[in-house]
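Below is one structure; the comments refer to it alone.
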Amino acid sequence: MFRIRALLERCRRSREIEAPSGAGPTLLVAREAAMRERPLHSAALIAFVLLALPANLSAATAANSAVGNWTVVNRPARLVNGSPVLFRVTTPKPVRTLAGNWLGHEIAFSFDASHKVWFALAGVSQESKPGTYPIELHAEPVAGQSARRSAGEPLAFEKKIRVERQRYPRVLLKVPGRYTAPSPEDQRQIEQDKETKAEVLKALSPDREWRGSFAPPVNAAISDVFGVERVFNGSVQSTHQGLDFRVPSGTSVAAVNRGRVILARPLFFEGNCVVIDHGQGLLTLYFHLSKFLVKEGDDVEKSQEIALSGGTGRVTGPHLHLAVRWQGVYLNPQVLLKLNLPGGERDARTVSAR
């Protein structure tokens, strides 16, 4: 548009040129002839520019659509420290795989063919400070697509995600003295348990095992929420990294989603404990059980019975403690249970992004 305006301005100025005073008849005739020809030349030049303009605009629009039509949506829309998050991503063109990085964690995306969108679960640690954290996305194009892409055009995208601060309450609790001042024998068991948990909890299966939304492990009221700072017997402090359900001993406990049992044994603080690996670093933990109904290595389905609730370990009474751990950080189970999650396919498949 700027070039067209410049050409028009030049044409206008040329028409305003007057013959110098004292010019002879021959010079005046020649100048008048030239001035009559200029509008014709100018009109032809303007027509050429206008004809070329749509093609240039179409090329620019195509280039912009190739890199610009990314969509990134997070649920919950308001993210706080301690919250799990579902990312849903649409890409500007067909891709074979999609991966991301956020808050120092690698994220593997799966494809939901029914909605033509890529999705992944992630989370914000409870220790994360309020701020804006960019999610970096990198896609692998379909075979043969690289040759059609513009030189130097990366199939990548970045979006800043806002994390706000959530304040958690503090409570005082009373438990048997051995759980705040353990004996030497108890201390040895605690150290053994630490080694066991360190080995088990570092599990990072590459494949996603969970399917669809997560279901509550029991049908009962919540008695204590995630993130509460607890003070036991007036001195020992810890953070409640799970969700407590008010159930009597012997209540059936179900797996919240598909996965594999990687731990089913008694621990000092947790009591009888089951850990299920749902893939890609996502684990669920069930504490204070009275009876195991699965063993380590078992594959389980969502809502399958895995144990009976109880009051083992460091407790003030019978209940079920459910914890969610993703790539080494504990997340709020209550938020995860409310997320509407896609089922997706076992393996990501290449489809059109349109």
Side-chain angles (χ1 to χ4, degrees), residues 62 64-79 83-102 105-124 135-146 148-149 155-159 161 204-217 254-260 276-284 299-304 324 326-327 331-354:
N64 288 335
S65 64
V67 299
N69 292 340
W70 286 82
T71 302
V72 180
V73 177
N74 56 272
R75 291 291 182 270
R78 178 182 180 268
L79 294 181
S83 175
V85 55
L86 170 69
F87 285 115
R88 298 173 68 93
V89 177
T90 55
T91 57
K93 59 180 68 178
V95 298
R96 193 170 73 86
T97 62
L98 180 67
N101 186 285
W102 190 53
H105 296 272
E106 296 296 327
I107 305 174
F109 283 80
S110 301
F111 191 77
D112 178 8
S114 61
H115 297 90
K116 295 185 177 181
V117 65
W118 294 86
F119 67 93
L121 274 177
V124 188
I135 181 171
E136 300 171 354
L137 299 170
H138 304 276
E140 181 180 350
V142 297
Q145 192 181 68
S146 298
R148 298 195 300 269
R149 290 166 54 198
L155 199 55
F157 185 71
E158 179 180 299
K159 180 181 179 180
I161 307 295
L204 187 61
S205 311
D207 297 326
R208 176 178 59 87
E209 299 296 335
W210 60 269
R211 302 287 181 272
S213 299
F214 283 65
V256 296
N257 214 309
R258 295 179 72 251
R260 173 167 293 181
I276 298 177
D277 179 8
H278 301 285
Q280 297 177 342
L282 183 64
L283 312 175
T284 53
D299 292 321
V300 296
E301 298 294 327
K302 179 165 63 176
S303 299
Q304 177 181 330
V324 173
W326 175 75
Q327 294 192 16
L331 305 175
N332 191 342
Q334 197 168 7
V335 177
L336 180 64
L337 294 174
K338 292 178 180 179
L339 287 177
N340 184 18
L341 303 179
E345 301 295 334
R346 182 174 183 83
D347 298 310
R349 294 184 296 177
T350 303
V351 295
S352 173
R354 298 182 183 275

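Being a predicted model, the structure only gives us computed values, none of them experimental.
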Next item on the list: Could you please spell out the steps behind the side chain to side chain donor-acceptor pair (under 3.5 Å) verdict for D207 and S205?
Entry: CA-CA 6 Å; D207 297 326; S205 311; over 6 Å; no
Checklist line | Evaluation steps, side-chain contact (heavy atoms from CB on, under 4.5 Å), between L79 and N74 | finding: CA-CA 8 Å; L79 294 181; N74 56 272; 3.8 Å; yes
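Residue pairs meeting the salt bridge (charged side-chain N to carboxylate O under 4.0 Å, His left out) criterion with at least one partner in residues 70-79, sequence neighbours excluded, are R78-E164.
Side-chain contact between L282 and F214 is present, with heavy atoms from C-beta onward closer than 4.5 Å. Looking at P84 and N332, their side chains come closer than 4.5 Å, going by heavy atoms from C-beta outward. P76 places a side-chain heavy atom less than 4.5 Å from the side chain of L339. Proximity of W118 to L137: side-chain heavy atoms (C-beta onward) are nowhere separated by under 4.5 Å. Proximity of I107 to L121: side-chain heavy atoms (C-beta onward) are nowhere separated by under 4.5 Å. For the pair L341/L86, a side-chain contact is recorded, criterion being any heavy-atom separation below 4.5 Å from C-beta on. A 4.5 Å side-chain heavy-atom check between F119 and R208 finds at least one atom pair inside the cut-off. Looking only at side-chain heavy atoms (C-beta outward), E209 and I276 stay at 4.5 Å or farther from each other.
A distance of 5.5 Å separates CG of N101 from CD of E136, quoted to the nearest 0.5 Å. T97 OG1 to H138 NE2: the interatomic distance, rounded to the nearest 0.5 Å, is 11.5 Å. If you take CG on N257 and CD on Q304, they are separated by 12.0 Å, rounding to the nearest 0.5 Å.
Checked by atom type and distance alone, the side chain of Q327 never pairs as donor or acceptor with a backbone atom of G123 at under 3.5 Å.
Closest approach of R88 and D112 over heavy atoms only: NH2-OD2, 4.3 Å. Residues Q280 and A108 share a closest heavy-atom pair of NE2-CB, 3.7 Å. Nearest heavy atoms, K302 versus G212: NZ-C, 4.3 Å. Closest non-hydrogen pair, V335 versus S83, comes out as CG1-OG, 3.9 Å. Closest of all the heavy-atom pairs between L155 and P92 is CD1-CG, 4.4 Å.
Relative orientation of the H105 and W326 rings is tilted, given thresholds of 30° and 60° on the angle between their planes.
Every residue was checked against the side-chain contact (heavy atoms from CB on, under 4.5 Å) condition with A254, not counting sequence neighbours, and none meets it.
For F157 and W70, the ring centers are positioned less than 6.0 Å apart.
Each of V89, V117, T91 was evaluated against F109; a single residue qualifies, V89, per the side-chain contact (heavy atoms from CB on, under 4.5 Å) test.
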